[in-house]
Amino acid sequence: MEADILILGSGGAGLFAAHHAVNQSPHLKIIVSAKGLIGKCGCTRMVQGGYNVVLHPDDSVEKHFKDTIKGGGGINNQEMAWTLVNDAPKRIRELETKMGVFFDRSEDGTIHQKPFAGQSFDRTVHKGDLTGIEIISRMRDQLYAKPTVEAWDEVRAIDLLIDEETQRIAGCLMLNMRTGEFVVVHCKAVIVGTGGAATMYKIATPSLEKAGDGLAMCYRAGTEFLDMEMMQFHPTGLLAENSRLNGGVLEEGLRGAGGYLINSLGERFMEKYDPERMERSTRDRVSRAAYMEIMEGRGTPLGGVYVDVSHLGKEKVRKMFPGMVERCQDVGKDLSVEPVEISPAAHFQMGGVKVSNDCESNIDGLFVAGEDAGGVHGANRLGGNGVCDSTVFGARAGDAAAAYVDTLNIPVSVSDAQLHSIIEEITKPLTRVDGENPFYIRNELKKLMWEKVGLVRNGQDLTEAVQELELLEQRINRVAVKGSKKYNLTWQELLNARNLVTVAKMVTSSALMRTESRGSHYREDYPASNDEKWLSNIYISKSKYGDPQYRVEQTKQTHINVKEIQGYKVVASSK
């Protein structure tokens, strides 16, 4: 297949990129491909709480910027963070006037903004408590009106293709999951927006199809990464024993509206960890506090803590959080009248591919946006900044890719040898009679990452995890898959596990390197932040021999000296 731009992923980043690329250059042929169904998969659709944006006259982009840097532990890419807060109002206007998104309004007709944790001003716009469905549905509907955009359902990306002579992006090898057929897309630019790899953990919030595909493909292609140790755990993942609903997010607005977090003794435990902000503290602090309560024996019967909003009143809770009430009802709980058991759950990767402000990677023609890109959130993302990130940088990626393609006069090509090498490697399991089971490997990976590379880390566990991940990778290379390539779920699970282990190795090795605690990264053997050494970013790239190589660079303070922002350091312990 031939295209000008191939977009991998149909979340906020992918769909916004498609809209902007075609609006800038209507003649371009664009393919948007999703591992699931366009507009029905991915995590932007799952966004509940809302979108942080400066709209109120008493608010300012400077306040939003400082909140973002403070929340990120001071290691954010400040240029990207500044772009985030400045572009957000434009994207909100575009969502309303061009996409037809309906956000909730206040009585005076202005867009309603509610409180969210870690914010110095109530700036989160929303559509009830299911904001993502509204945004993605409208964007998807508008996309189908673009005649030069082709949408592919259930076609997953396997590997990026590079022109060996120019070292530019030349396309992507794809797999039609329904038919088992390989598809080679020749294109001038690729935009990667497939999302992160939080599903490598036992309890996780993302959509089930996410498996770090884009991150793993970018690593194999030779892109540079940063801050991969920074994995955010959402503090309020619903506990639903033996159910796929386990880990499903109960939105941050519950805490913003005045909800309590309570341990098994009935104590509001955040008083010990952040007495000033209590439940409205940042996600990293609240998650770690809940984890410590559980580990110190004050957990609930299912091994979590409680979130309680019943004191707000039954009618108010049902009116403000209808989606959350319904979600809890699915597991037999009534959020409006009783406490509900929750646990920290792996949620979002702050680390990712190193990109420019226009989402350019170090490979010409390869653009990366959304959760696949690192830098903007530093060590911890504020709730409400995620869909803001996807739309802001998805738009910039679309603009930049269209401009790149329009000026590209150098032809790009893919060698048959490169293609056949990739195909041979991933189809080998289909030829084996006996071997490992990828579902067992995936489960062992989840357990390993949760226990040794989770909310609270230490050098010994991380060292052991590095070694165990090597063994899991070896086992992946011995997997046997029965059946044909056509909708073979065992084969798909192998591809998922392969990508997740690739990303897990980067997360674990970076966590072992960072000998301090900052943001979402907490080392019990180094419980304090060390600004003298670690107000820095860890970069990862693949050497010419295929092994990862690491370097550490001090974070550039281009807009504000983070040492002037008080209170961004972690709380070492409850004691």
Working to the nearest 0.5 angstrom, can you tell me the gap between [X] [atom1] and [Y] [atom2]?
| X | Y | atom1 | atom2 | value |
| --- | --- | --- | --- | --- |
| Thr490 | Leu495 | OG1 | CG | 11.0 Å |
| Arg432 | Thr427 | CZ | OG1 | 10.0 Å |
| Thr131 | Ile136 | OG1 | CD1 | 12.0 Å |
| Asn537 | Ile75 | CG | CD1 | 5.5 Å |
| Met228 | Met350 | CE | CE | 10.5 Å |
| Leu161 | Met174 | CG | CE | 10.0 Å |

Just wondering, do [Y] and [X] contact through their side chains at under 4.5 Å, heavy atoms?
| X | Y | answer |
| --- | --- | --- |
| Thr508 | Met449 | yes |
| Pro344 | Ile294 | yes |
| Trp152 | Val183 | yes |
| Glu493 | Val481 | no |
| Leu226 | Asn77 | no |
| Val286 | Leu261 | yes |
| Leu8 | Asp213 | no |
| Val192 | Cys218 | yes |

Verdict with supporting geometry, Tyr487 and Glu154, side-chain contact (heavy atoms from CB on, under 4.5 Å)
CA-CA 10 Å; Tyr487 223 102; Glu154 295 188 321; 2.8 Å; yes
What heavy-atom pair brings [X] and [Y] nearest, and what distance separates the two atoms?
| X | Y | answer |
| --- | --- | --- |
| Arg457 | Leu462 | CB-CD1, 4.1 Å |
| Ser529 | Arg518 | CB-NH2, 4.1 Å |
| Ser207 | Cys43 | N-SG, 3.5 Å |
| Phe225 | Leu215 | CZ-O, 3.2 Å |
| Leu455 | Trp450 | CD1-CH2, 4.4 Å |
| Met270 | Ala289 | SD-CB, 3.6 Å |

Quick check against the 3.5 Å criterion: does [X] have a side-chain atom that pairs as donor or acceptor with the backbone of [Y]?
| X | Y | result |
| --- | --- | --- |
| Lys542 | Arg220 | yes |
| Thr463 | Gly459 | yes |
| Ser343 | Leu239 | no |
| Glu341 | Leu302 | yes |
| Thr194 | Gly214 | yes |
| Gln349 | Ala197 | yes |
| Asn362 | Glu224 | yes |
| Arg475 | Gly435 | no |
| Ser287 | Phe233 | yes |
| Asp372 | Gly195 | yes |

For Glu326, I'd like to know if atom CD has over 12 heavy atoms of other residues, nucleotides or ligands within 6.0 Å.
no
Is there a side-chain contact (heavy atoms from CB on, under 4.5 Å) between Tyr219 and Val503? Walk through the geometry before answering.
CA-CA 9 Å; Tyr219 176 77; Val503 180; over 6 Å; no
One pair to check against salt bridge (charged side-chain N to carboxylate O under 4.0 Å, His left out): Arg156 and Glu209. What are the steps and the verdict?
CA-CA 10 Å; Arg156 76 178 292 166; Glu209 71 274 1; over 6 Å; no
Go through Arg283 and Glu252 one step at a time and tell me if the salt bridge (charged side-chain N to carboxylate O under 4.0 Å, His left out) criterion holds.
CA-CA 9 Å; Arg283 287 178 175 177; Glu252 197 153 298; 2.5 Å; yes
For the residue pair [Y] / [X], report whether a side-chain donor-acceptor contact shorter than 3.5 Å exists.
| X | Y | value |
| --- | --- | --- |
| Asn385 | His377 | no |
| His347 | Thr205 | yes |
| Gln232 | Asp284 | no |
| Thr515 | Trp534 | yes |
| Arg514 | Asn530 | no |
| Ser520 | Asn380 | no |
| Tyr550 | Ser509 | yes |

Residue that, paired with Tyr260, satisfies side-chain contact (heavy atoms from CB on, under 4.5 Å) out of Arg268, Glu267, Arg255, Met278
Arg268
Do the ring centers of Tyr522 and Tyr291 come within less than 6.0 Å of each other?
no
Checking salt bridge (charged side-chain N to carboxylate O under 4.0 Å, His left out) for the pair Glu425/Arg498: CA distance, chi angles, key distance, verdict?
CA-CA 12 Å; Glu425 180 182 356; Arg498 173 178 178 247; 3.7 Å; yes
Verdict with reasoning, Lys35 to Asn496, per side-chain contact (heavy atoms from CB on, under 4.5 Å)
CA-CA 11 Å; Lys35 192 176 176 182; Asn496 291 339; 2.8 Å; yes
Assess whether side-chain contact (heavy atoms from CB on, under 4.5 Å) is satisfied between Phe116 and Glu251, documenting all intermediate values.
CA-CA 10 Å; Phe116 241 38; Glu251 72 125 316; 3.5 Å; yes
